[in-house]
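Encoded as structure tokens, the structure appears first; notes follow it.
Sequence lines set the chain letters: A, B, ... in the order given, protein chains first and strands last, and positions in each chain run from 1.
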There are 2 protein chains.
Amino acid sequence: MTNDSAQALCTNAKWIGRAHCGKCHIRQLMLFSDLPENAFDHLLQPIDQFTYPPGSVIYQADTHKPFIYSIRRGMVKLAHLAQDGSNRIVRLLGPGAAVGLELLDGAENYHHTAIAITEVDLCKIPVPTIRQLEDNHPALCMHVGRQLQEQLNLADQWIVALSTGTARQRVAQLLLVLDEFFADENDAFILLSREDMAAMTGIAVETVSRMIADFKRQKLLYRHRENYYMCNVAALEQITRLD
Amino acid sequence: MTNDSAQALCTNAKWIGRAHCGKCHIRQLMLFSDLPENAFDHLLQPIDQFTYPPGSVIYQADTHKPFIYSIRRGMVKLAHLAQDGSNRIVRLLGPGAAVGLELLDGAENYHHTAIAITEVDLCKIPVPTIRQLEDNHPALCMHVGRQLQEQLNLADQWIVALSTGTARQRVAQLLLVLDEFFADENDAFILLSREDMAAMTGIAVETVSRMIADFKRQKLLYRHRENYYMCNVAALEQITRLD
DNA sequence: GTACGTCATTGAGAATTATCAATATATCAA
DNA sequence: TTGATATATTGATAATTCTCAATGACGTAC
């Protein structure tokens, strides 16, 4: 349970440019869907875009910066890192999700540590800018609510699917989550590190490795191309039911 | 893991009366805090109050009724009941919390089964009434958001505290949760059934019983009065850190 | 009071998982 | 390419937890 993952907590964000939310091509996914284009004409503070390399820390739990982030590309994990080195991932988020929303509800500090798993593009949105937009466009409040409800659903699913049952069942569920939410157009997904999978399911790294290796041998999980895998959904679903 | 809790899923709500939200004495806790008194003068549909005896089902997952509920008194569990009889509790809620909020975000059906643990008083709020109030009082949207954020925090804590670590640690964490959120003015709380505790922590009923019995023997947990218990917070916190 | 039902506790053995250690594989820099 | 490093896999054993079974405690109906 106590993993000594001495992953250096470094941030290596690279500025991509000013965001043009009115013209954002994935806006329907994002926090600002169906705000009018001109809503972004006179922002108090601009919204910038950044790229983060894999492993970089977007923000740390119990620290404060006045920004929330909207994920444009890539995969972000929200983790709880205890002082004893133990590490529990509570959520895995992808394009369209917003992180750091707790700041909008009066939280002083971030509740988790957010880390890029893959290369990630984010919009960095100042909290005062959100407030300004909320004042002028009450609909935004609903979108924030929708984000929260969505994340609540994910958290509940995390409890039911990834934190319940035998190790085999949990790892199978995790693969199904990756397949459902993070697969590309070929239905292939990046297989996470065993350490991350262990932190998601609350089981030991070696146990995860055994389950994954076993699934590979049984051809329930197979390589599609470099770093990308596909899985036999029906067979894994069977396992989640009957170990 | 698979518990054959053949608890009859019966509802026995008793009507208490029409709610007078403008004069609700715990309104600051509730969904409608700081809406003006007259906001409730011309509701499309009334808000009624009900009492539920322990064990009664408030609503069932995957069913639909156009109501959300605000808890005035008592303790409610949100559970996921799988067809194979397994039962995982994802949240424990008390006065001031609202349940069924997923309906406000377009969900067709409830996401959990909500069951009264103690005797419970609820306000039954029709969804159209919420919509009406939201239209007239945009601030309500923020309150819903706050409820969601609050429940998201609880869900995350559930993952980190109650679904991580050894059985001993999890049961200790559960007692700390009961002490923190559900203790009365004497700092005493109702000790849940072993079955509920097992469903909250994802461990077997017998294992929970062993841990609880052990805590009692060590005087970390002791009876205050009929059905109410107190715990040694410092000692239990110690256990959560070092097993 | 006794019989019954429900729930909590305890015991013992089986099964699962964690831990520690070794080996294999992949990755990366030179 | 070759090392050097990190990550994944596997093995063996210890520890934990689950499961099944028995017993105890408590309340309720009769």
Any donor-acceptor N or O pair under 3.5 Å, side chains B:Asn153, A:His111: yes

Value in whole Å for how far the [atom2] atom of [N] lies from [atom1] of [X]:
X: B:Ile203; N: C:dT17; atom1: CD1; atom2: C1'; value: 15 Å
X: A:Ile190; N: D:dT7; atom1: CD1; atom2: P; value: 16 Å
X: A:Arg170; N: C:dT16; atom1: CZ; atom2: P; value: 14 Å
X: A:Arg225; N: C:dA26; atom1: CZ; atom2: P; value: 18 Å
X: A:Leu191; N: D:dT7; atom1: CG; atom2: P; value: 15 Å
X: A:Asn227; N: D:dA8; atom1: CG; atom2: P; value: 10 Å
X: B:Glu226; N: D:dA25; atom1: CD; atom2: P; value: 16 Å
X: B:Met197; N: D:dC18; atom1: CE; atom2: C1'; value: 18 Å

Salt bridge (charged side-chain N to carboxylate O under 4.0 Å, His left out) contacts in which one or both residues fall within residues 181-191 of chain B, not counting sequence neighbours: B:Asp184-B:Arg225

Ion pair check, B:Asp121 and B:Arg73, cut-off under 4.0 Å: yes

Base-contact (B) and sugar-phosphate-only (S) positions in nucleotides 6-13 of chain C, heavy-atom cut-off under 4.0 Å, - elsewhere: --SBBBB-

For A:Phe182, all residues meeting side-chain contact (heavy atoms from CB on, under 4.5 Å), sequence neighbours excluded: A:Met75, A:Leu92, A:Leu178

Parallel, tilted or perpendicular: ring planes of A:Tyr110 versus A:Tyr59, cut at 30 and 60 degrees: parallel

Residue B:Lys14 excluded, over 12 heavy atoms near NZ under 6.0 Å: no

